[in-house]
Asks: 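Just passing along the structure, written as C-alpha cells.
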2 protein chains.
Amino acid sequence: MQNSEALALTAALLAAAGDLTQRINDGVQARGFEGRPAYGFAFARLAPDGATVTELAAHLGVTKQAASQLVDELVRKGYAERRAHPVDARARLVVLTERGRKCTRAAEEAAADAVRAWVEVLGEGEVRVLCDRLARIAPYGPLRPTW
Amino acid sequence: MQNSEALALTAALLAAAGDLTQRINDGVQARGFEGRPAYGFAFARLAPDGATVTELAAHLGVTKQAASQLVDELVRKGYAERRAHPVDARARLVVLTERGRKCTRAAEEAAADAVRAWVEVLGEGEVRVLCDRLARIAPYGPLRPTW
DNA sequence: ACGTATTGGTCAAGTTGCTTGACCATCATC
DNA sequence: GATGATGGTCAAGCAACTTGACCAATACGT
C-alpha cells in the first residue's frame, strides 16, 4: 500500500463521516428539533440508563467541564435533566426527558435515511460488512470532535 | 437495517477517522514538524501545482477567510508561500516550499504507519476494498472540519 | 470601449466550543 | 476522623471558525 493511498483513505473516511453527520443533523432539524451533531452522540450514551457528567465526558472524548456545558444546553432546551444519583451524593445522574427520547428517535430515523442512500449504492450486505470492518478497527475509542 | 445501526455506523466512522487523524498528526510531530491535522489536507491540495485561497477553501469546506488564515499560518511556519498568479492578477498562487514538501512526505509516512495497523487486522485486500467502498459513497465532497 | 456585476483576497470583529485552573462537596482508605 | 481521590461547577482564556465590510482586478453586456 502506497503512502499517498493512506492519506487518501483518511480523507475519504473523514468526508464520509462528515457527510453522514451533516445529513443526520439536517434530518433532525427538519423533524423540528434544534441541536448540533454532538447531541446525537450524547443521547446514545444517555438513552439506556442515563449517565454522569464524567461518564459522558469519557464517551465524547472531552473534558468533564465541556460535557457539563453540553448538559447545560440539553437541560436548557428540555432534552435532559439532572437528577440526584441513587448511590453517590456527589454525582448527578443525567437522564433524557420525554422530549429527549423523541429527539433521539428523530436522530435515529435521520441516520437511517442517510444510510439508505449508501445502501442503494452498495447494497445492504456491503454496508453491513463495512460496519463490521469498522467495528474491528476502531473498537470504541472516544468520539473525537475535531480532525 | 435498523435505525440504531445507522447511528452506530456513523459513530464508528467518526471514531475511525478521528483515530487515524490523531495518529497521523502525532506521527508528523514525532518527525519534527509542528502543525495541526488541517495542514495535511491542505498539503494534499497544494502539492501538485499549488492552489488559490478560494480553491483551498472549497477543498476544506470552510470560508475563504478561514482558508486565508490557514495560509497565513503555513507561511509563518515556512511551509508555503504566496506567489503572483500567472494569469489572474487578483489571485495569488499558494505553493509549498521545500520544507512544506518534506512535511507532506512526513504526513504520508505517518498515514501509512497508521493504516498499517489496520492492514494487520484486516489484511491488505480488505483495506483496499474499504477504500473502494468509501470512494463510491463520498465522492469528494469537501472535508468538513467538525462533527 | 465602458459601466456594471462578479470574483479573489484581506482586514476586522464576533461567536462557538473547547481548554486550563481554581474550588467545593462527597466518598474511600487507613 | 484526617488525608487523598473523585464528581461537579464556576470562571477565564484560547483556537479556529464565522459574518460583514471593503478593495483590486476581471468578465460581461450592450
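Below, each value reflects all heavy atoms present in this structure, side chains not excepted, and no hydrogens, waters or symmetry copies. Each chain gets a letter, A, B and so on, in the order its sequence line appears, and its residues count up from 1.
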Asks: Mind listing the closest non-hydrogen atom pair of Pro86(A) and Leu93(A) along with its distance?
Replies: CD-CD2, 4.4 Å
Asks: What is the distance from CG of Asn25(B) to P of dA16(D), rounded to the nearest Å?
Replies: 11 Å
Asks: Taking Thr104(A) for the side chain and Phe43(A) for the main chain, is one N or O donor matched with an acceptor at less than 3.5 Å?
Replies: no
Asks: With hydrogens left out and only the distance checked, is there a donor-acceptor pair under 3.5 Å joining Gln69(B)'s side chain and the base of dT18(D)?
Replies: yes
Asks: Would you say a side-chain N or O of Arg36(A) is under 4.0 Å from OP1 or OP2 of dG17(C)?
Replies: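 Yes, such a contact exists.
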Asks: What is the minimum heavy-atom distance between Val75(A) and Glu81(A), and which atoms define it?
Replies: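 Looking at all heavy atoms of both residues, the closest pair is CG2-CA, 4.1 Å.
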Asks: What is the separation between atom CG on Leu70(A) and atom P on dG17(C), rounded to the nearest whole Å?
Replies: 10 Å
Asks: When you get a sec, tell me which of dT10(C), dG8(D), dC17(D) is the closest nucleotide to the side chain of Val53(A)?
Replies: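 The closest nucleotide is dG8(D).
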Asks: Test your reading of the model: is there a side-chain donor-acceptor pair from Thr10(B) to the backbone of Leu20(A), 3.5 Å cut-off?
Replies: no
Asks: Rounded to whole Å, how long is the line connecting atom CD of Glu34(A) with atom C1' of dT16(C)?
Replies: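 That distance rounds to 15 Å.
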Asks: Can you tell me how far C1' of dC14(D) sits from CD of Glu73(B), to the nearest Å?
Replies: 13 Å
Asks: Five pairs at each end of the helix from dA1(C)-dT30(D) to dC30(C)-dG1(D): take the axis at both ends and give me the angle between them to 10°.
Replies: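 About 30° separates the two local helix axes.
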Asks: Could you give the CZ-to-P distance, from Phe41(A) to dC18(C), as a whole number of Å?
Replies: 13 Å
Asks: Just by distance, do the side chain of Arg45(A) and the backbone of Phe41(A) share a donor-acceptor pair under 3.5 Å?
Replies: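 No; zero donor-acceptor contacts below 3.5 Å.
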Asks: Please check the phosphate of dG8(D) (OP1 and OP2 only) for any side-chain N or O of Arg82(A) closer than 4.0 Å.
Replies: no
Asks: So, Arg23(A) and Asp19(A), do they make that salt bridge, N to O below 4.0 Å?
Replies: yes
Asks: Starting at atom CZ of Arg92(B), determine the distance to atom P of dT26(D), rounded to an integer number of angstrom.
Replies: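 Rounded to the whole Å, the gap is 14 Å.
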Asks: Relative to each other, are the rings of Phe33(A) and Tyr79(A) parallel, tilted or perpendicular (30° and 60° limits)?
Replies: tilted
Asks: For dG7(D), take OP1 and OP2 only and decide whether either is under 4.0 Å from a side-chain N or O of Thr52(A).
Replies: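 It does not, given that no N or O in the side chain of Thr52(A) lies less than 4.0 Å from OP1 or OP2 of dG7(D).
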Asks: Could you tell me which non-hydrogen atom of Lys64(A) sits nearest to which non-hydrogen atom of Ala57(A), and how far apart they are?
Replies: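 Where Lys64(A) meets Ala57(A) most closely, the heavy atoms are CA-CB, 3.6 Å.
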Asks: Go through dA13(C), dT19(C), dG9(C) for me and flag the one nearest to the Thr63(A) side chain.
Replies: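 Nearest listed nucleotide: dT19(C).
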Asks: What integer distance in Å separates Leu56(A):CG from dG7(D):P?
Replies: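 About 14 Å, once rounded to whole Å.
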Asks: Name the nucleic acid region contacted by Ala91(B), choosing base, sugar-phosphate or nothing; use a 4.0 angstrom heavy-atom cut-off, strictly under.
Replies: sugar-phosphate
Asks: Taking the minimum atom-to-atom distance to the side chain of Thr54(B), which one of dA16(D), dG8(C), dG7(D) wins?
Replies: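 My answer, after comparing the listed nucleotides, is dG8(C).
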Asks: Can you build the contact string for nucleotides 22-30 of chain C? Use B for base contact, S for sugar-phosphate-only contact, and - for no protein heavy atom under 4.0 Å.
Replies: ----BS---
Asks: Would you mind checking if Glu98(B) and Arg101(B) are paired as a salt bridge, meaning a charged N to carboxylate O distance below 4.0 Å?
Replies: yes
Asks: Could you state the atom-to-atom distance from NE2 of His85(A) to P of dG7(D) in whole Å?
Replies: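 Value for this atom pair: 10 Å.
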Asks: Check this for me: Arg99(B), atom CZ, are more than 12 non-hydrogen atoms of other residues, nucleotides or ligands nearer than 6.0 Å?
Replies: yes
